Amino acid sequence: MLLYYIDLIGVAVFAVSGALAAGRKRLDLLGVVVIATVTAIGGGTTRDVLLDRHPIFWVADPSYLAVITAAALLTVAYVRWRPPPDKSLRVADALGLAFFVISGARIAQQLELPAISVVVMGVLTGVVGGVIRDVLTTEIPMILRHGELYATAAITGAALFLGLAELGVSSPVPALVGMAVIVALRLAAIVWGLRLPVFSLDRK
Amino acid sequence: MLLYYIDLIGVAVFAVSGALAAGRKRLDLLGVVVIATVTAIGGGTTRDVLLDRHPIFWVADPSYLAVITAAALLTVAYVRWRPPPDKSLRVADALGLAFFVISGARIAQQLELPAISVVVMGVLTGVVGGVIRDVLTTEIPMILRHGELYATAAITGAALFLGLAELGVSSPVPALVGMAVIVALRLAAIVWGLRLPVFSLDRK
Amino acid sequence: MLLYYIDLIGVAVFAVSGALAAGRKRLDLLGVVVIATVTAIGGGTTRDVLLDRHPIFWVADPSYLAVITAAALLTVAYVRWRPPPDKSLRVADALGLAFFVISGARIAQQLELPAISVVVMGVLTGVVGGVIRDVLTTEIPMILRHGELYATAAITGAALFLGLAELGVSSPVPALVGMAVIVALRLAAIVWGLRLPVFSLDRK
């Protein structure tokens, strides 16, 4: 049940981020809906395909696609009414990242996969939607942009979730802590400009 | 049977579009064949992976890859003989889009998936090949280009097919009507410049 | 057994190429690890998904992800100690290409797929990781760069492997010959600038 709502909210916020990104590219209405949809379903679809979970989460249950379409259309309506704040795309993306990293990690953990696979599955589930959005809208993927703490937030949140769950902390505490840490790290980067040292071929 | 020929013609026209796109990038011959192949198999492969249909359509039946290779090589030969018309890439893409949207929607409809999933599966099956082609050849994805009516054509065609089929119109009429509408809308955009209003963050 | 080691070495060298590519983009440490990981697992994951092989090679066996993480971190450490040679990314990529083309072709051949499917499966397994790396780091995909002999090397190596195996040459000779030819062709392009005629719309 928890997972169901995590996924529903996750697709909604990713759909908002997709609609906002598409809005910057002057698409017509159905173009916006398509970009929002692939952004929203990308991560969970990757998770289900990699783990051979069929039917894929959105294929047999129309709620997800209905929520995505509604979120995309409401975003369009809102934006026509008043311009969204500058950072709204990245904040929507941060929420979607948090929901989907934990969703992917939780399913992998319930399958008793090795710890490193749980973390990687969480990270992939969280980042793929945003990568698809950024590639389709020909933006530099957020995970690559300097100082976004994107990978750091995803890996830290997934590892923390897994550690707490393995220590026997009862559900849904590990999931909530994991999501909170991801959102906190991303907002720290977006709002306060928190940075990590970079690895660069140019440095000695 | 109908689906088999739809897919065969679909891969052929998408292979032509891939070969034309690769030709603009000064690739050697086998590079052209690889781009044509991934363009042609991308959409149907996505459809089969998402619906857990194995073996994937081209894996066990060599006809598809043979048709793709032949279409790519014939395109190379033709283009060396005389330059293709300006819009040939987009026209080949429009035909491929029509065939694959209906192929994806039809399979999803036969599986009795929810209506919104039928439409999304059709759209994904139709657009993925062209997106792969455009990303690989570092062009702006057609679905993003201003005024191509790409998403509109795909969604309208898939919905029309589904509506007619659900109303009991006998096969292959719904498929033919759906394909015709997709081609007509895309050609209207390509040839006559038909446009829809755009959604943009810059507008009030 | 042979395949297991081919895959282990393949992910290691692709991880090195991913870490080097990420290093050019000034990422933080975990960003480098994520790019290295998706580069390293991309091809084999595509192979396993297309052939419905579950669990995907890295999901249940932690060795692969451990090797990838170690390779990425060692690359970071080495590069901070001394700058890598100019061509190291392309050489690491050439080795990864060779290992994964043969890995994909060998599995497809053992499944007794049609010859053309064996070659395409080998090529896809070999090229997908590098394409993901190049798209994520917003570089022109190597397979598209003028004069890299990328597709030529992959197709020639896969076809040679298949031909020798079908002729009854005993394992692991076909695999070794296939890999050697791929590496030789790629190095010939990288080091000595060997070129093939290109196909271009601009030529008569």
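Only heavy atoms go into these numbers, but all of them, side chains included; no hydrogens, no water, no symmetry mates. Here is how names work: the chains are called A, B, and so on, in the same order as the sequence lines, proteins then strands, and each is numbered from 1. Keep in mind that this is a model prediction, so the values were computed, not measured.
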Test salt bridge (Lys or Arg N to Asp or Glu O under 4.0 Å) on B:E148 and B:R90 and set out the steps. CA-CA 10 Å; B:E148 290 277 350; B:R90 287 151 86 205; 2.9 Å; yes
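C:S103 and C:R47 share a donor-acceptor pair across their side chains, judged by distance under 3.5 Å alone.
Looking at B:D48, there are no atoms closer than 4.5 Å to chain C (heavy atoms on both sides), in backbone or side chain. Both the backbone and the side chain of B:V59 come within contact range of chain C, each with at least one heavy atom under 4.5 Å from a heavy atom of that chain. With a 4.5 Å cut-off on non-hydrogen atoms, B:V38 touches chain C through its side chain but not through its backbone. With a 4.5 angstrom heavy-atom cutoff, B:V32 touches chain C only via side-chain atoms. Residue contact with chain B, scored on non-hydrogen atoms closer than 4.5 Å, involves the backbone and the side chain of C:L144 alike.
Counting only heavy atoms from C-beta outward, the side chains of B:P55 and B:D61 never approach each other to under 4.5 Å.
By the ring-ring contact (aromatic ring centres under 6.0 Å, His included) test, C:Y150 pairs with no residue at all, sequence neighbours left out.
Taken from CG in C:L149 to CG in B:L30, the straight-line distance is 9.5 Å, to the nearest 0.5 Å.
Of all residues spanning residues 111-135 of chain B, those with a heavy atom less than 4.5 Å away from chain C's heavy atoms are B:V135, arranged by number.
When every heavy atom of B:A98 is checked against every heavy atom of B:M179, the shortest pair comes out as O-CG, 3.5 Å.
Here the side chain of B:D93 pairs no donor or acceptor atom with the backbone of B:S17 at under 3.5 angstrom. Without hydrogens or angle criteria, B:R145 side chain to B:I140 main chain gives a donor-acceptor distance under 3.5 Å.
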